[in-house]
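Below you'll find the structure, written out as structure tokens, and then a few comments.
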Amino acid sequence: MSTYAQKKGFGGTIWDYLTTVDHKKIAILYLMAGGLFFLVGGMEAVFIRIQLAVPNNDFVSAGTFNEIITMHGTTMIFLAAMPLLFAFMNAVMPLQIGARDVAFPFLNALGFWLFFFGGVFLNLSWFLGGAPDAGWTSYASLAVHSKGHGVDFYVLGLQISGLGTLIGGINFLATVITMRAPGMTYMRMPLFTWTTFVASAMILFAFPPLTVGLTLMMFDRLFGANFFEVAMGGNTIIWEHLFWVFGHPEVYILILPAFGIFSEIFSTFSRKRLFGYSSMVFATVLIGFLGFMVWAHHMFTTGLGPVANAIFAVATMAIGIPTGIKIFNWLFTMWGGSVKFTTPMYYAFGFIPSFVCGGVTGVMVATAAADYQYHDTYFVVAHFHYVIVGGVVLALLAGTHYWWPKMFGTMLNETLGKITFWLFFIGFHLTFFIQHFLGVWGMPRRVFTYLPGQGFDTSNMVSSIGAGFMSAGVIVLLLNVVITQVKNVKVGNDPWEDGRTLEWAISSPPPYYNFKQLPLVRGLDAYWIEKMEGKKAMTPAEPVGDIHMPNSSFIPFMITLGLFIAAFGALYHADDKSWALPVLIIGLLVTFGSMLVRSVKDDHGYHIHKEELMDEEKGAEA
Amino acid sequence: MTNQPLSSSNPRVDLEYRRKKNAEEMRHQVISFSIMIFLTFIAFAAVAAKGFTAWFIIPFILLLAVVQVIFQLFYFMHMSHEGHEAPSMFLFTGVFMAFVIVLTFMTIIWW
Amino acid sequence: MKRLAKWRLVSLFAILALALSGCSGKPYLSALRPAGEVADIQFDLMKLSTYIMVGVIVVVMVIFVIVFFRFRRKKGDNGIPKQVEGNHLLEILWTVIPILLLLILAVPTVAATFKLADVKEMDKKNSDALVINVRSHLYWWDFEYPGQKIVTSQDLVVPTNEKVYFNLKSMDVKHSFWIPAVGGKLDTNTDNINKFWLVFDQKRANEAGNLFYGKCAELCGPSHALMDFKVKAMNRDDFDTWVKDMQAVKEPEKATSDLASQGQEIFNKSCIGCHAVTPQNKMPDTARVAPNLTNFGERSRIAGILDHNKEELKNWIKNPETYKPGNEMSGKYPEMTDQQLDALAEYLMGLKVQD
Amino acid sequence: MQAEEKFTYETWPASPERATLEAKNKFLGFWLFLGGETVLFASLFATYLALKDKVPDSTHALAKDIFDLPLTLVATMLLLTSSLTSVYAMYHMKNFAFKKMMVWLGVTVLLGFGFLGSEIYEFNHYVHEYHHTFTSSAFSSAFYTLVGFHGAHVTFGLAWIISLMIRNSKRGLNLYNAPKFYVASLYWHFIDVVWVFIFTVVYLMGMVG
Ligand code: HEA
Ligand code: HEA
Ligand code: CUA
Ligand SMILES: [Cu+2]
């Protein structure tokens, strides 16, 4: 079963991606799907801003507007930001720890397909009678009473894609724990690997409450249960808790890997090791832990009482401390360094002031008594876009430029990259800075319009213009991608020339089996150490030998397809459609049948033989 | 990533030792099973007796449940064996989270 | 590049200057123009936290700018900088200073949180504190004064310079009760009653035209954006007079003109099933399905958002859906001819309790 | 190490469930999954506790009215014992005694079915005797969801063990299937752990009032 160096037709390539279990290809799938959803979510954002540009606008109707914001938030968080981070985790993390692959290649593929089909399912709601319209938080009283199937799409779609995320998280955890190359101790792991690890652990503990919440809501809406039906003894606050027990850790699941990306970029382009590495690791773990203890700060105005509010307020503020440690460590990584302003470094540089602004407004909203004013206003919208766009999205853009050569073997154009940066960065501040003021001037969030004469008009217009700049930036980025891929100028192992971590010690893109021989890691920044000693490559930790590889499989796709079908059955079951129950059953049969096939059919993988590896090397040299 | 050595220099001795150890372990497991059954009976009896106040019974049976679960985890699921460092770290983090969630649901969902 | 950076800095300061120079919103609406004790407490906290945060930002920016200018790589510079592992003193410093800053913020936060939640007074037996039961409905607000035994809607009437206590509850989905200039919001849950208090300051109410804007601050459906209400703040004497006048309305006010009595007839046929025109609270809150119109003629808005005149009133009755999508009135009564609308408008506008 | 390599009692490794890299991963990954499951059940327990005895009106049966000690005791004994039998099975797995392992797994499965049967009887009883149905109150929804989730885990565990037994009935033990058996038994123990809390928190505490 030797699969390399075969020329494939278009159909072959598609089939290859449908069945792949290779973490690098799955990374590309995540990048494409996540990128697509980012464009969708971004378009929705643009629609929001068009509608709000002037008072009493009727660009979209009130109901549609609620669908748009709900889908914008949901899409961006679940279907764009997380998958894009997963793309980099998949592409880079196994390389950074010197592994051949992730711990569970099969589950890796399954996780991707679950996410993707869940996202497709959710977005199909636009064409099947209306999208969810109760906000991305889908608070129970409104969500349970929302008409049509929108919220059902939300509940089922997130259920499916959440399962994929959970599987992905477990996979990364196991990978980091068992698959590290010889010498790669925990305290030698690059920061991006560390943040992946901690974020994955958070996924493991944060997603189950979401699953439960979604299940309860599904039972209420589709099967007549009464969890949130007050008249029947139900209680809507349960949903709020379950959602935020998940929802707050979720935002740190987003930001920690982003921190990881920037940590790599800062030290690479400063040509310095990360300042205070061990305190960075400590801060990461601490943020992860504290992240679970603060969720009720989203519920200050729910009426939990002063004791709960005070405790959660103080706990929330505490997160500022480890985050501050990180900020200063980054600054002092550059201090005394030799800072090269590449495109990724532009983003990293722009990130610092942007994120600090967002973080400190986070602490401001954490002051419970004052949050009674901020809550559910544009101040909060400004806060979280400052941390999310100024943190996570800038990191995603930075990572895209930084690791593009590693993933695709060719460099994105630097000039276009910088143009993208300026457009996006200016647009970002233009859009969201002014929203702080809108909030405290009395503009609630999630309003489809506002009346003139309240002092909101000019500021909203400014904000909308900013969104235009951001769109232009994104379009330049798309152009850049197209131009780069058409030109396709190949690059070597270490195109930035300052690479420090193991992924730069291997060709771009790496061979499908990654390291021919597992590398021997002698310290933090393993590749840099070797480079400083004048070596060109890593010292191998083992002789050349057979490499065990997993087989490709179509089963992940099938398992997911079954759930996708079943979800339609469950959804229309509530309408008393006669075909709904059979569809539900057929879908589940496909899923469980495929799982059965998987467990009954042995899959031992295959071996790349030593000789083949040698031949390939010769071929490469010739 | 290599396997554990399958046998030491003297395979027979090693095997003998292993068999003994397994049997020993099994004995422990039977004992812990008996204790679990015993604890279960006590818990049921405490409730059936009707004589105690709820203030006593509830903490008491919860304690019994915790003890029983510890037996399960450490004897039946071998969590004390080496090689279970990561599993126990993650399991106990999960238990901690579980505690926090249950605590908040019992205190700040209050009507 | 350098020039660009300078330009950025300049524009940043420009925005900041603009922000500080009185850009603080409308006096009847903005949380930055506090008009009562609660809003004052919250504004003080906002200011305190802003000062701390600006301090933090300045420190970060100073280091940031130094790094930006001093440590950029020159062309062709192939030197390897010293690989520093860390620095204990610095690391302790930037752990301890934020802790101190946060303590400075945390203490008043906790104090304020408890203070704002203190509603002991309203639960006392025979307390003479003013209590108002707020009931939120899909897109309109119901205000009941249990002590005074009157009900009104849409326009909340309150006395100034004293603590007013609120019982908040929702009758359908969750909403949130917010009068930005007077104090932060509290959710109206479907499950329970939430309680808090506010104070309306007389002097600053005057500056705001004695009419504060209130908003619904929790997504509650299509017309969430339009779920506005108004607050009429008046001194205690005026308030007492208003209460008396309201209480005096024992049965529906008689129409005074022909047109109006025609309107009243239509109203009694098609509308009174939902809308009450007497202020007594004989009905339980669950039975009050539409705004109480006793003093409709003295309202400041129609349905919370439209200008208060006959034209708009007729528009509203003709087709409420265009003004508030998803509202609970649309389609619940027969269509009206223009003549009938005129009559209704004449009648409704005459519903006044104070003359 | 070839996973399909044939073994004898002498060559069988001490911890077959963790002898290969794949096995190690599976073992670890499954434990991680159990960590997540803990939080999942915690959320369900918390919901149940928040909604316990929350019913629309006084005609509805409450926890103290419906539960029945003897039935719960029987179910508990069945499941606890099945935990022991699956330990036996793993004991024989470690000693490379395939036949015995299969026998004990078979017993485990039978006990599992016994438990499921008692649960089905119980639910049926509640529905008919007390009109305590899934949709009759928030309390009943929470009850059936928590206990039902556990029941679904039992069902899945049974299906899993049975399909493992069928698939490997002719093959004997090797390093490819030993970890699968081991992980399935871990799952089974975990189900038992959850049940310990269910019978304590739901049934016993329910009867106390
Ligand atoms: C990536 C996402 C992300 C991140 C990282 C954060 C970070 C933080 N968030 Fe944010 N938050 C969101 C995403 C995020 N948030 C979202 C999406 C919502 C809204 C959800 C919704 O309702 O739809 C939200 C809402 C939200 C609320 C609820 C507001 C409301 O609805 O009323 C609160 C309240 O406490 C809060 C607090 C914080 C705090 C304290 C931090 C801290 O982690 C910030 C820490 C960082 C710093 C403080 C800056 C750096 C530190 C220094 C330079 C050291 C010195 C600093 C000090 C001494 C202060 N956030
Ligand atoms: C990862 C999370 C994320 C990201 C990246 C963004 C990005 C953006 N968000 Fe979003 N936002 C949320 C998460 C996010 N948001 C959440 C959770 C909510 C709350 C929802 C709720 O209330 O329930 C929210 C709500 C929200 C609101 C408030 C809505 C309301 O309360 O009424 C607004 C308003 O301005 C807004 C604007 C924007 C803008 C302008 C961007 C921009 O940064 C977007 C930039 C991207 C683009 C501009 C891409 C444009 C692309 C094109 C134009 C492509 C052209 C197409 C082709 C060539 C095919 N967002
Ligand atoms: Cu009511 Cu928003
Ligand atoms: Cu949060």
Side-chain angles (χ1 to χ4, degrees), chain B residues 1-7 11-12 14-15 18-19 21-23 25-26 29-30 33 36-37 40-41 43-44 46-48 52 54 57-58 61-62 64-66 68-69 72-73 75-77 81 83-84 86-95 97-106 109, chain D residues 1 9-15 18-21 24 27-28 30-32 34-43 45-51 69-70 72-73 76-77 80-81 83-84 86-88 90-91 94-95 175 185-186 189-190 192-193 196-197 199-201 203-205 207-209:
Chain B
M1 308 292 128
T2 49
N3 299 313
Q4 293 165 336
L6 291 185
S7 47
R12 287 255 55 112
D14 197 45
L15 268 175
R18 244 174 64 196
R19 212 170 49 102
K21 215 181 85 192
N22 282 351
E25 209 172 89
M26 196 58 230
Q29 280 160 349
V30 175
F33 175 74
M36 280 156 57
I37 294 286
T40 307
F41 272 117
F44 274 80
V47 174
F52 306 105
I57 295 184
I58 289 176
I61 59 180
L62 280 175
L64 293 184
V66 170
Q68 221 189 102
V69 163
Q72 280 272 1
L73 289 176
Y75 286 95
F76 284 12
M77 297 167 86
H81 289 196
H84 285 70
S88 45
M89 191 181 95
F90 280 89
L91 192 81
F92 284 121
T93 314
V95 169
M97 280 297 298
F99 178 74
V100 173
I101 294 175
V102 172
L103 183 73
T104 44
F105 273 55
M106 296 192 65
I109 295 177
Chain D
M1 167 82 48
Y9 177 58
E10 279 74 24
T11 57
W12 188 237
S15 293
R18 280 180 286 157
T20 63
L21 176 60
K24 255 193 210 128
F27 170 82
L28 175 71
F30 196 78
W31 268 104
L32 297 175
L34 291 184
E37 286 260 281
T38 308
V39 183
L40 183 101
F41 274 104
S43 309
F45 270 105
T47 306
Y48 171 80
L49 286 169
L51 293 178
L69 267 187
T72 312
L73 187 64
T76 305
M77 285 306 142
L80 275 183
T81 313
S83 208
L84 180 75
S86 84
V87 168
Y88 270 119
M90 287 309 106
Y91 169 69
K94 291 204 176 186
N95 284 342
L175 288 185
S185 94
L186 275 184
H189 290 307
F190 184 77
D192 205 26
V193 167
V196 169
F197 281 108
F199 87 68
T200 306
V201 172
Y203 291 94
L204 294 185
M205 274 165 61
M207 271 178 276
V208 172

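Remember, predicted model here, so these are calculated numbers, not experimental data. Letters go in sequence order (proteins before strands), and every chain restarts at 1.
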Side chain, backbone, both or neither: which part of [X] has a heavy atom under 4.5 Å from chain B?
X        : answer
D/Thr72  : both
D/Leu28  : side chain
D/Ser185 : neither
D/Met77  : side chain

Revision key, fill the gap. Looking only at B/Ala48, B/Ala65, B/Ala43, the option with the highest number of non-hydrogen pairs under 4.5 Å against chain D is B/Ala65
Check your understanding: Which of the residues B/Met26, B/Met36, B/Met97 is involved in the greatest number of heavy-atom pairs with chain D at under 4.5 angstrom?
Key ->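 Of the candidates given, the most pairs with chain D belong to B/Met26.
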**Study point:** Atom CZ of B/Phe41: over 12 foreign heavy atoms under 6.0 Å
**Key:**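 It does not: B/Phe41 CZ has 12 such atoms or fewer within range.
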Return the [atom1] to [atom2] distance between [X] and [Y], rounded to the nearest 0.5 Å.
X        : Y       : atom1 : atom2 : value
B/Leu103 : D/Leu49 : CG    : CG    : 11.5 Å
B/Leu91  : D/Leu34 : CG    : CG    : 7.0 Å
D/Phe27  : B/His84 : CZ    : NE2   : 3.0 Å
D/Thr200 : B/Ile58 : OG1   : CD1   : 11.5 Å
D/Leu32  : B/Phe90 : CG    : CZ    : 5.5 Å

Exercise for review: Check whether any side-chain heavy atom of B/Phe33 lies under 4.5 Å from a side-chain heavy atom of D/Thr81, and answer yes or no.
Suggested key: yes
Check your understanding: Below 4.5 Å, heavy atoms only, C-beta onward: do D/Val201 and B/Leu62 meet side chain to side chain?
Key ->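 In contact.
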Check your understanding: Is it the backbone or the side chain of B/Ala46 that comes under 4.5 Å from a heavy atom of chain D, or both, or neither?
Key ->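 Answer is neither: B/Ala46 stays 4.5 Å or more from chain D.
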Review point. Which region of B/Gln72, side chain (C-beta onward) or backbone (N, CA, C, O), has a non-hydrogen atom less than 4.5 Å from a non-hydrogen atom of chain D, or is it both or neither?
Key: side chain
Check your understanding: Are the ring centres of B/Phe44 and D/Phe199 closer than 6.0 Å?
Key -> yes
**Study point:** Residues in side-chain contact (heavy atoms from CB on, under 4.5 Å) contact with B/Phe92, at least two apart in sequence or another chain
**Key:** B/Phe74, B/Met79, B/Ser88, B/Val95
Review point. By side-chain contact (heavy atoms from CB on, under 4.5 Å), which residues pair with B/Ile57, not counting sequence neighbours?
Key: B/Val47, B/Phe52, B/Ile61, D/Val208
Among the listed options [options], the residue most often paired with chain B at heavy-atom distances under 4.5 Å:
options                              : answer
D/Thr47, D/Val39, D/Leu80            : D/Leu80
D/Asp192, D/Asn95, D/Val196, D/Leu73 : D/Leu73
D/Ala42, D/Ala46, D/Ser83, D/Gly36   : D/Ala46

